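Quantities reported herein were computed from a predicted structural model and do not represent experimental measurements. Numbers restart at 1 for each chain; the letters A, B, ... are given by sequence-line order, proteins then strands.
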Amino acid sequence: MLARERLREDGAAVAERLGQRGADPAQVRRWVELDEGWRRAVQQAEELKHRRNEASKQIGQAKARGEDAAAEIAAVGELKRGIEKLDDETATLHAEMLTIEQSLPNLAHDSVPVGADEAANREESRVGEPPRFDFQAQAHWDLGPALGILDFERGAKLAGARFTTYLGLGARLERALASWMLDLHTEEHGYLEVLPPLLVNEDSMFGSGQLPKFAQDAFRVEGHGHYLIPTSEVPLANLHRDEVIEEDRLPLRYTSWTPCFRAEAGSYGKDVRGLIRQHQFQKVELVQYAHPDHSYEALEEMRSHAERVLQLLELPYRVVCLSTGDMGFAAAKTYDLEVWLPGQDAYREISSVSNCEAFQARRANLKFRPADGGRPRFVHTLNGSGLAVGRTLIALLENYQQADGSVTVPEVLRPYLGGVDRIG
RNA sequence: GGAGAGGUGACCGAGUGGCCGAAGGUGCACGAUUGGAAAUCGUGUGUAGGGCUAAACACUCUACCGUGGGUUCGAAUCCCACCCUCUCCGCCA
């Protein structure tokens, strides 16, 4: 959520900037209107409550003296009706304000390119050379089944479209990748490994921004009110919900390897083949709670942590700064890492690293107490994939494929695969 | 799932209708004391929202004692529902 003071004092500018993100500027204007009415009503209601409280005090004292207070009690009845009416009014106005606030996306950072969609994204850098094959490169959806390590038909049989079953070295490679990534982030990048609940409550989904607006994207467990996490960003960003962190503990860095579940509503016909877009996939996630003054340094740092994974795997990739129109709801600035996929002859997203500034912190009430003893302030939260494991496996299969259909295993992973250096 | 106990400020803990935003203690901050420290003494120490203000934790009002409703002139305190924690039983990886 955005800061209310921001909407109040700078409504016109906010409306314009949110318009660049595809939000409806009229919503902001409506909010400003509601806010004026709400504050007026709150003021009146509080005035009446003050009078009621005073009168009640008088009544109490009169009764203590043994006097009859029937007349005073009758007079308070009048106030009560006024309070009730004003309370109803404020509640109605406030409810609509909340609906709007909760549906407004974050404001983009000044350095973000302005544009309607991914066409306006800005390429920041390219690292590594796409491999040249002297044979016809295959896509992972051909390589995997041929090697007997991915089974799309049986995934579909067991669960339906967008589900896959991994077998043998496929399953093991996925596990090895995740395990290696976690070790890298915990041992070299300073993250604390977390194994969180995979089902979370509504408050958690609200805190990180999935609810209420994107309910259709999530799987909800019927009869329990729990949601399957769409990313471990959700539990990690809610870890300190309603807490005040001492400043000297910042930044807090967490990493987690979990399955992620996404309904993929509205993605019909997109990436229907292969592992790219699944209802269930695994991801190693990075989350930081940073001091507001240092969150953009933290963003660059976190991006480098994700890049490191690709560099060590020697996978070619590029870095893209998402435009205002392509960014996610909670983000103020996002870098996507896109890995080269020879089977598709294209760069595809394998990691997304964002600074949400105080957007999630306001929703989840994440604060820190300044070292100078001042009042608690909102932290900045950052999240990034480090990396999407399934997509990393795709990238390995496609980039490391050989003419005979086998796949070599990158050096760094071999210890995690019991020394196996080739699949197939 | 069954039975019981309990949820109060950073923490412990008192409080069964008004004088309670909340005793007392611990912690923390500042001050006194000291050569310095400990001990001791004093003062202060919640969050959110509104108003006022150039701005402000300066002032003022409102709300908050697990959550949401209700009763009452008045609720931490009474009533209802729900959530969570703990203990025992059952079940179970």
Side-chain angles (χ1 to χ4, degrees), chain A residues 1-11 31-102 195-207 211-212 220-221 223-227 235 238-250 259 358 361-379:
Chain A
M1 281 189 292
L2 302 172
R4 285 194 169 171
E5 307 80 75
R6 197 68 194 272
L7 291 168
R8 250 172 222 154
E9 291 158 18
D10 210 12
W31 186 93
V32 171
E33 240 175 66
L34 290 164
D35 179 54
E36 280 168 21
W38 174 73
R39 281 190 288 169
R40 217 177 304 122
V42 162
Q43 217 173 315
Q44 291 170 14
E46 289 185 351
E47 164 65 20
L48 293 190
K49 283 176 187 175
H50 179 50
R51 281 161 58 191
R52 177 198 60 194
N53 292 345
E54 289 299 320
S56 291
K57 215 176 278 181
Q58 299 298 328
I59 292 167
Q61 285 164 3
K63 286 203 165 180
R65 288 190 300 265
E67 298 167 13
D68 174 62
E72 289 85 345
I73 291 175
V76 172
E78 190 71 23
L79 288 173
K80 278 185 79 178
R81 279 186 292 279
I83 290 169
E84 206 171 310
K85 186 163 158 288
L86 285 163
D87 275 352
D88 284 348
E89 191 182 330
T90 57
T92 305
L93 292 168
H94 203 241
E96 196 184 338
M97 285 167 70
L98 284 173
T99 301
I100 292 174
E101 280 168 20
Q102 292 170 0
L195 201 167
L198 305 180
L199 297 177
V200 295
N201 59 30
E202 205 167 302
D203 288 345
S204 297
M205 290 289 277
F206 177 82
L211 290 181
R220 185 163 177 275
V221 181
H224 288 267
H226 285 123
Y227 289 83
N238 280 279
L239 213 51
H240 295 286
R241 190 171 70 228
D242 294 319
E243 291 180 22
V244 179
I245 301 160
E246 294 303 325
E247 177 175 347
D248 60 15
R249 291 183 63 203
L250 298 178
R362 272 184 216 102
R363 295 181 153 241
N365 192 24
L366 306 168
K367 294 189 166 177
F368 72 96
R369 186 177 300 284
D372 65 12
R375 44 184 0 189
R377 295 171 58 193
F378 290 117
V379 298

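Across the strands present, B/U85 finds its partner in B/A5; the criterion is a Watson-Crick or G-U wobble pair with both atom distances under 3.5 angstrom. Applying the Watson-Crick and G-U wobble criteria (two distances, each under 3.5 Å), B/C91 pairs with nothing in any strand. Base pairing of B/C64: its partner is B/G46, meeting the Watson-Crick or G-U wobble criterion (both donor-acceptor distances under 3.5 Å). Applying the Watson-Crick and G-U wobble criteria (two distances, each under 3.5 Å), B/C20 pairs with nothing in any strand. Within the shown strands, nothing qualifies as a pairing partner of B/A14 under the Watson-Crick or G-U definition with both distances less than 3.5 Å. Under the Watson-Crick or G-U wobble criterion, with both distances below 3.5 Å, B/A32 is paired with B/U40. Nucleotide B/C59 forms a Watson-Crick or G-U wobble pair with B/G51, both donor-acceptor distances falling under 3.5 Å. Nucleotide B/A76 is matched to nothing when pairs are restricted to Watson-Crick or G-U wobble geometry with both distances under 3.5 angstrom.
Between A/N53 and B/C61 there is no side-chain N or O to OP1 or OP2 distance below 4.0 Å. Look at A/R8 and you won't find any side-chain N or O under 4.0 angstrom from OP1 or OP2 of B/G49. Between A/R39 and B/G49 there is no side-chain polar atom (N or O) within less than 4.0 angstrom of OP1 or OP2. The shortest distance between the side-chain N/O atoms of A/R65 and the OP1/OP2 oxygens of B/G18 is not below 4.0 Å. Taking side-chain N and O atoms only, A/K63 has no distance below 4.0 Å to OP1 or OP2 of B/U72. Side-chain nitrogen and oxygen atoms of A/H50 include at least one within less than 4.0 Å of the OP1 or OP2 phosphate oxygen of B/U62. Listed pair A/R375 / B/A48 meets the phosphate criterion, a side-chain N or O lying under 4.0 Å from OP1 or OP2.
Residue A/E243 places its CD atom among more than 12 non-hydrogen atoms of other residues, nucleotides or ligands, all under 6.0 Å distant.
The separation between A/H94 atom NE2 and B/G50 atom P is 8 Å, rounded to whole Å. Between the CD atom of A/E246 and the C1' atom of B/G27 there is a distance of 12 Å, rounded to whole Å. Put simply, NZ on A/K49 is 14 Å from C1' on B/G74, counting in whole angstrom units. Atom CZ in A/F368 sits roughly 18 Å away from atom P in B/A10 (whole-Å rounding). Rounding to whole angstrom units, NZ of residue A/K57 and C1' of B/U72 are separated by 18 Å. As rounded to whole Å, 13 Å separates atom P of B/G9 from atom CG of A/D242. If you take CZ of A/F378 and C1' of B/U47, they are 11 Å apart, rounded to a whole angstrom. Distance, A/K367 NZ to B/C57 P: 13 Å, rounded to whole Å.
Ranked by how close their nearest RNA chain B nucleotide is to the 5' end, A/A55 and A/G60 are led by A/G60. Each of A/I59 and A/W38 was matched to the nucleotide of RNA chain B holding its nearest heavy atom; the match closer to the 5' end belongs to A/W38.
The two atoms that bring A/V379 and A/A361 nearest to each other are O-CB, 3.2 Å, heavy atoms only. The two residues A/W31 and A/R8 make their nearest non-hydrogen contact at CZ3-N, 4.0 Å. The minimum heavy-atom distance between A/P370 and A/R375, with the atom names listed, is CD-O, 3.3 Å.
Not a single donor-acceptor pair, N or O on each side, falls under 3.5 Å between the base of B/G51 and the side chain of A/E46.
Side-chain contact, A/N53 with A/S56: no donor N or O sits under 3.5 Å from an acceptor N or O.
Put simply, the side chain of A/L48 does not reach to within 4.5 Å of the side chain of A/R52, judged on heavy atoms. Contact check for A/R249 versus A/F368: no side-chain heavy atoms found under the 4.5 Å cut-off.
Note on A/E72: nothing from the nucleic acid sits closer than 4.0 angstrom, heavy atoms only.
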